[in-house]
Structures are given as structure tokens and as C-alpha cells.
Amino acid sequence: MMTLTNLLLIRRRPQWRRLIPVAITGAIIASAVVTWNNGDWRLNLSPSEPMGLWSVQPYKLGEPLHVGEIVTLCPQLPAGYDYSWLGHDQVANACTGGDTPYVKTVVAGPGDVVHEDRHGVTINGAPLPDSRPLPFTTSKPQIILPQWRGTITLKAGQYWAYGAGDPRFSFDSRYWGPFDRSQVQSVAHPIAVFNYRYSPRITN
């Protein structure tokens, strides 16, 4: 004979089953938050590359870098500028001085000819999409950005960085020039990411 208790248990079981995907998702998010920027993981919160969870493999100096690869790097920034707007997150794989490494796409390497003017960047004559440099940051108070200008044939060990996610507002080589292979920390691979179009309140 079916009792009232049995009927209630039957009705409740499907509801508990619905919570299983939620619990699994919550566990994944919690694990990502705990492990982000530690070991082999990186949580990218900058829209200049797809935002989300990345797997990073340490880069050994001397290994080849290829155009199209996404790397984390610690470039040498031009002296005399205020970079406080970048923030200084405390991460396990930080650059010297504690800054967070940048996540950028390699778009040019040794032998490539890079030209930049106020209109944007070209590589071997081909324009990079949305590469017009901004004169100021989009934060308040607005800060003057460094500007790299000229034409260069990249030498051995030199590369050009580009934020391919939302390049309009990426802080990359158009502001600090080519980077050296010795400044690369790791090669990054997307795990769970999404593209985000940044819409600042302040525009240049």
C-alpha cells in the first residue's frame, strides 16, 4: 500500500536530480576560483583576449614561438608613464615586481616587417584589424598612453603582441613595441572562454 511518506519521496527525487548539474557547475567554478593563476591555470579577466579559464604551459627559453600562439608575458614597459590603471593583482606566476603577466597573441616574428602610425599597425603590408592606438586610457582619470611609432624588421628573438579578443582597447605592442622571447612566461590554451566586447564609459 502506498503511504503518504512514499508519495512525498517519489515527488522529491526528481527535484534533487535537477540540482546535480547545478552542484557540478558550482564545484567547477569553485575549483577555478581556488586555482586561478596558480600552477597550470590562468583566469583571464581582460577582454583583450577571450575571458575565462586558460591552461598555461611554462615556456622554456630557446623553444620556438609561432605566429598565432597565445602567450603570457612580462614586457618591458616604456619608462616615464603612470601604469597604476593596470592594477597589481597578486598572482602565483607574477612578473618580477608582482605584476600580472599579459595574455596576448603573437602576430609577427623574426623577419616580419611591422609598421605603426596613428592609423594603426600593418604587418608585411597587411593591416591588423582595430589596431589604431589610443592616446589615453579609458579609465578615470585619463592617463597618457605611450606610443610606439615607426617601421621595424623584427630580429631573431623579437615578436609583436596583439590582443586579438577585443583589440580596440588592448594594451599591447602598439604601445610598448616588440617584445623579446626572454619575456615570455608560458604558452596559453583556452579551456572555457568567451569573447567580450568592451564598452568603456570614456572614449578617445
Side-chain angles (χ1 to χ4, degrees), residues 42 44-51 59 65-89 91 94-186 188 195-204:
R42 169 71 188 267
N44 177 47
L45 299 178
S46 168
S48 61
E49 292 292 347
M51 300 174 68
Y59 172 75
L65 285 177
H66 304 287
V67 171
E69 285 188 309
I70 299 176
V71 299
T72 67
L73 72 153
C74 302
Q76 181 65 47
L77 301 181
Y81 288 88
D82 180 6
Y83 297 105
S84 60
W85 57 276
L86 287 171
H88 299 282
D89 297 332
V91 295
C95 302
T96 302
D99 295 337
T100 303
Y102 300 162
V103 182
K104 303 296 176 185
T105 299
V106 179
V107 291
D112 289 326
V113 179
V114 179
H115 173 78
E116 180 182 347
D117 56 31
R118 64 185 181 88
H119 300 293
V121 178
T122 63
I123 297 176
N124 300 324
L128 274 179
D130 294 322
S131 62
R132 180 181 68 87
L134 301 177
F136 301 96
T137 64
T138 56
S139 59
K140 280 189 175 182
Q142 287 188 290
I143 297 171
I144 296 174
L145 288 167
Q147 302 289 316
W148 191 94
R149 293 287 187 272
T151 302
I152 185 174
T153 300
L154 298 179
K155 301 177 182 178
Q158 284 188 317
Y159 298 85
W160 194 267
Y162 177 67
D166 189 353
R168 299 172 301 159
F169 305 105
S170 173
F171 186 59
D172 53 32
S173 283
R174 78 191 84 171
Y175 302 104
W176 32 264
F179 67 91
D180 191 84
R181 187 165 54 187
S182 63
Q183 297 166 343
V184 175
Q185 281 199 336
S186 63
N195 283 312
Y196 177 77
R197 296 286 284 180
Y198 176 58
S199 297
R201 294 181 180 179
I202 299 175
T203 57
N204 295 289

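Along the sequence shown, residues are numbered consecutively beginning with 1. Being a predicted model, the structure only gives us computed values, none of them experimental.
At a cut-off of 3.5 Å, with distance as the only test, a side-chain donor of S170 or K104 sits close to an acceptor on the other residue.
At a threshold of 4.5 Å between non-hydrogen side-chain atoms, the residues K155 and T153 do not count as touching. Residues Y81 and I144 have side chains in contact (heavy-atom distance under 4.5 Å, counting atoms from C-beta outward). Contact annotation: the side chain of F171 never approaches that of S48 to less than 4.5 Å [non-hydrogen atoms, C-beta and beyond]. You'll find the side chain of L73 stays beyond 4.5 Å of the side chain of Y59, heavy atoms only. The closest side-chain heavy-atom distance from S46 to F169 is not below 4.5 Å. Residues V71 and L65 meet the side-chain proximity criterion, which asks for heavy atoms closer than 4.5 Å. Here the side chains of Y175 and L134 are in contact, with some heavy-atom distance below 4.5 Å.
The minimum heavy-atom distance linking S173 with A161 is given by the pair OG-N, 2.8 Å. The two atoms that bring Q185 and P101 nearest to each other are OE1-CG, 3.1 Å, heavy atoms only. When every heavy atom of N195 is checked against every heavy atom of G165, the shortest pair comes out as OD1-CA, 4.1 Å. The two residues G109 and V67 come nearest to each other via the heavy atoms N-CG2, 4.1 Å. In plain terms, the two heavy atoms of P133 and R118 that are nearest each other are CD-O, 3.7 Å. Summarising the geometry of Y83 relative to P78, their closest heavy-atom pair is OH-O, 2.8 Å, with the distance given to 0.1 Å.
Residues passing the ring-ring contact (aromatic ring centres under 6.0 Å, His included) test with F179, sequence neighbours excluded: Y159. With sequence neighbours excluded, the residues satisfying side-chain contact (heavy atoms from CB on, under 4.5 Å) with R197 are D130, D166, R168. Scored by the side-chain contact (heavy atoms from CB on, under 4.5 Å) test, P178 finds W148, I152, L154, Q158, W160 as partners (sequence neighbours excluded). In this view, E49 satisfies the salt bridge (Lys or Arg N to Asp or Glu O under 4.0 Å) rule with no residue, not counting sequence neighbours.
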Check: Given Y162 and V121, is the side-chain contact (heavy atoms from CB on, under 4.5 Å) satisfied, shown in steps?
Finding: CA-CA 10 Å; Y162 177 67; V121 178; over 6 Å; no
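Residue pairs satisfying the salt bridge (Lys or Arg N to Asp or Glu O under 4.0 Å) criterion with at least one member in residues 169-178, sequence neighbours excluded, are listed as follows: D172-R174. Under the ring-ring contact (aromatic ring centres under 6.0 Å, His included) criterion, no residue pair touches residues 96-130, with sequence neighbours excluded.
Without hydrogens or angle criteria, S131 side chain to G120 main chain gives no donor-acceptor distance under 3.5 Å. Side chain of R42 to backbone of T72: no donor-acceptor contact under 3.5 angstrom is found. Side-chain N or O atoms of D112 include none that pairs as donor or acceptor with a backbone N or O of N124 at under 3.5 Å.
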